[in-house]
Amino acid sequence: MGHPFDPGYVPEPFQSLCEDYPEAAVYPPGQFRLEWGPIFHRGRLDGSARILVIGQDPAQHETIVRRILVGEAGQRVQGFLAKLGITRSYVFINAYLYSVYGSVKAKTRKNPALIEYRNRWLEALLVGRQIEAVLALGQAADEAWQFWSATAVGQSVEVAYAAVTHPTQPESSSKGDKAKLLAATTKLLQNWNAALQTLSPHIQHPDAPTPLVFYGESWADGDRVGIPEFDFPAGLPAWMHEQDGWAKRAGANNLAKRRNITLTVPKGIVT
């Protein structure tokens, strides 16, 4: 059995974008975890993508595998794309290259150097390509798109667009309260259904033509889809893309948690 993998950033302009990325002068270390390095994308860079997904920032799972949106949020979005018939023809980037530490100040969000570098990625993925739709996950992603759309190049690109609630917002907003979690999940899924209605008519070249089935009031079987092996660098073990929860920030205080990520091979892998 073969093991397909993502060959990385060989084609231009992506090789140059990965060689020339902003660091502390643009991403202050008090607001971002620069110590783990930048993480650039996930998905197709060969021009075959039909939908662009803009996320927020990489978390601990992404830090390890060097691809974005591979944890719980990514698997929920993978399910959203599957409802549109997109199983391969996608590409993901984040609003921020580095993991956010605390919160991002307005001055940083509006830093021209940060925006200009991100817009170079958007231009590389959208201008002269065949993207049919753009999906933004959360406020930071929507803001990134609005900054791009205000540019002359951005105004020249016609593409369907939807901004949705971030995939893990119910968990972050409910703080362990089960009733609040259920209500927030229902609200998120209603929001995602509206986005499906907006984007579905514009997906003219799905990987697998699929009747549009909307979400219910809570997550159902099939709504969460594993990240395919061909999205990862070569040689990653299957449990890193088939399961979640194997990476956690660990430590007795915030500084220790910033410095440490603990990896645990899931049960059943080693006998």
Item to complete: Check step by step if side chain to side chain contact (heavy atoms under 4.5 Å, CB included) holds for Ile86 and Thr210.
Response: CA-CA 9 Å; Ile86 298 295; Thr210 304; over 6 Å; no
Worksheet item: Does a side chain donor of either Thr165 or Gln169 reach within less than 3.5 Å of an acceptor in the other side chain?
Response: no
Worksheet item: Parallel, tilted or perpendicular for Phe40 and Tyr9, by the 30°/60° rule?
Response: perpendicular
Item to complete: Measure up the Trp145 and Tyr161 rings against each other and bin them: parallel (under 30°), tilted (30 to 60°), perpendicular (over 60°).
Response: parallel
So does [X] pair up with [Y], basic N to acidic O under 4.0 Å?
| X | Y | answer |
| --- | --- | --- |
| Glu143 | Arg109 | yes |
| Arg224 | Glu72 | yes |
| Arg129 | Asp46 | no |
| Asp223 | Arg76 | no |
| Asp57 | Arg33 | no |

Please report the closest heavy-atom contact between [X] and [Y], naming both atoms and the distance.
| X | Y | value |
| --- | --- | --- |
| Ala247 | Leu263 | CB-CD2, 3.8 Å |
| Val10 | Gln15 | O-OE1, 3.2 Å |
| Thr108 | Val26 | CG2-O, 3.8 Å |
| Val164 | Leu135 | CG1-CD1, 3.7 Å |
| Ala49 | Ile131 | O-CD1, 3.5 Å |
| Ala141 | Ile54 | CB-O, 3.2 Å |

Measuring only between side-chain heavy atoms, which start at C-beta, is [X] closer than 4.5 Å to [Y]?
| X | Y | value |
| --- | --- | --- |
| Tyr215 | Leu188 | no |
| Glu35 | Arg259 | no |
| Gln60 | Trp36 | no |
| Val53 | Leu81 | yes |

Do [Y] and [X] have ring centroids that are under 6.0 Å from one another?
| X | Y | answer |
| --- | --- | --- |
| Phe5 | Phe230 | no |
| Tyr27 | Tyr98 | yes |
| His41 | Phe92 | no |

Worksheet item: When you look at Gln146 and Asp142, which way does the side chain to side chain donor-acceptor pair (under 3.5 Å) test go after all the steps?
Response: CA-CA 6 Å; Gln146 300 309 325; Asp142 182 47; 3.1 Å; yes
Worksheet item: Do Val91 and Val134 belong together in a cluster built from hydrophobic side chains that touch within less than 4.5 Å?
Response: yes
Atom pair [atom1] ([X]) and [atom2] ([Y]), whose distance is rounded to the nearest 0.5 Å:
| X | Y | atom1 | atom2 | value |
| --- | --- | --- | --- | --- |
| Leu182 | Thr186 | CG | OG1 | 4.5 Å |
| Lys83 | Phe214 | NZ | CZ | 9.0 Å |
| Phe80 | Leu137 | CZ | CG | 9.0 Å |
| Ile115 | Lys110 | CD1 | NZ | 9.0 Å |
| Leu196 | Leu84 | CG | CG | 5.5 Å |

Is there a donor-acceptor pair under 3.5 Å between the side chain of [X] and the backbone N or O of [Y]?
| X | Y | answer |
| --- | --- | --- |
| Glu229 | Ala238 | no |
| Asn94 | Leu97 | no |
| Arg66 | Thr63 | yes |
| Glu12 | Ser16 | yes |
| Arg42 | Ile93 | no |
| Asp207 | Thr87 | yes |
| Ser99 | Pro58 | yes |
| Thr151 | Phe147 | no |
| Gln31 | Lys105 | yes |

Practice prompt. Among Pro201, Pro206, Ser200, find the residue that satisfies the side-chain contact (heavy atoms from CB on, under 4.5 Å) test when tested with Ile203.
Written response: Pro206
Response to the item:
Test salt bridge (charged side-chain N to carboxylate O under 4.0 Å, His left out), reference Asp231, set Arg44, Arg88, Arg67, output is Arg44
Discussion item. Does Arg258 qualify as a cation-pi partner of Tyr101, given the criterion of NZ or CZ under 6.0 Å from the six-membered ring centre and within 45 degrees of its axis?
Written reply: yes
Worksheet entry | More than 12 heavy atoms of other groups within 6.0 Å of Arg120 CZ | yes
Discussion item. With a 6.0 Å cut-off (strictly less than), is the heavy-atom count around CD of Gln139, excluding the residue itself, greater than 12?
Written reply: no
Worksheet item: Which residue pairs pass the ring pair (Phe, Tyr, Trp, His ring centres under 6.0 Å) test with at least one member in residues 43-67, sequence neighbours excluded?
Response: His61-Trp246
